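Below is one structure, written out as C-alpha cells; the observations come after it.
Everything quoted here is computed from the prediction, not taken from an experiment.
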Amino acid sequence: MIATGIGLHNFAEGLAIGNSAARGELSLAVLLIIGFGLHNATEGFGIVAPLAAEGERPSWLTLLWLGLIGGGPTFLGTLVGRHLVNDTLSIAFLGLAAGSILYVVIELLAVARRTGLKTLTTWCILLGLLLGFATDAVVTAAGA
C-alpha cells in the first residue's frame with residue numbers, strides 16, 4: 001500500500017516534469033528532475049520500513065516489484081504530462097498526489113509509534129519540513 005501511495009505521488013511529479021517540458025520550460029524540467037531525483041532516493045526506506053518493523057525479510061523480486069510500483073509512475077507521469085497539458089487535470093492529479101503522500105506519512109508515523117521513538121520522529125518531521133521549505137526557496141530563487 002505504501003509503494004502504491006508513493007507511486008501515485010510520483011505520477012504527479014512526472015506530470016509536473018512532462019508539463020514543464022511540453023511548455024518549453026526545459027530549465028524548470030531539469031530542475032524538477034534533479035529535485036525529485038534527490039528526494040525520491042530515500043523513498044525506498046519508506047516502502048520497506050513496515051516490512052522491517054514486522055521482522056519480514058523480503059525477496060529481491062519483491063523489492064524489485066515494490067520499486068517498480070513506487071518509482072515507475074514517475075516515468076509514466078512524465079509521458080502523460082508531456083502529451084496532456086490541461087490545468088484542470090493537473091490540479092486533480094496534484095490533489096491525488098497530496099492525498100497519497102499524506103496516507104504514506106500517516107502509515108509511517110504508525111510504524112514510528114510502535115518503535116517508541118517519539119522524540120526522534122518529531123525531530124525528523126521538523127527537519128523534513130525545514131528541508132521542504134529550503135527546497136522551495138531554492139526552486140523559487142532559480143526562477144520557477
All heavy atoms of Gly81 vs all of Ala22, minimum pair found to be O-CB, 4.2 Å

Contacts satisfying side chain to side chain donor-acceptor pair (under 3.5 Å) that involve residues 59-68 (not counting sequence neighbours) are Ser59-Thr62

Interatomic distance, CD1@Ile47 vs OG1@Thr4, rounded to 0.5 Å, equals 9.0 Å

Sequence neighbours excluded, the answer for side-chain contact (heavy atoms from CB on, under 4.5 Å) partners of Leu126 is Trp123, Leu130

Test of understanding: clusters of I, L, V, M, F, W, Y form through side-chain heavy atoms closer than 4.5 Å, transitively. Do Ile6 and Ile69 belong to the same one? no

What one should report as the nearest heavy-atom pair of Pro73 and Gly7 is CB-O, 3.1 Å

Q.
Checking the side chain of Asn10 only, and the main-chain atoms of Gly72 only, is there a donor and an acceptor separated by less than 3.5 Å?
A. no

In short, side chain to side chain donor-acceptor pair (under 3.5 Å) pairs touching residues 70-84 with sequence neighbours left out are none

Contacts of Thr88 meeting side chain to side chain donor-acceptor pair (under 3.5 Å) (sequence neighbours excluded), chain-then-number -> none

Shortest non-hydrogen pair, Asn19 vs Leu84, comes out as OD1-O, 3.5 Å

Please tell me whether Leu15 and Leu76 are part of a single hydrophobic cluster in this structure, the criterion being side-chain heavy atoms less than 4.5 Å apart. yes

Measuring only between side-chain heavy atoms, which start at C-beta, is Phe11 closer than 4.5 Å to Val80?
yes

Residues passing the side-chain contact (heavy atoms from CB on, under 4.5 Å) test with Ile125, sequence neighbours excluded, are Leu109, Thr121, Leu129

Thr122 meets the side chain to side chain donor-acceptor pair (under 3.5 Å) criterion, sequence neighbours left out, with none

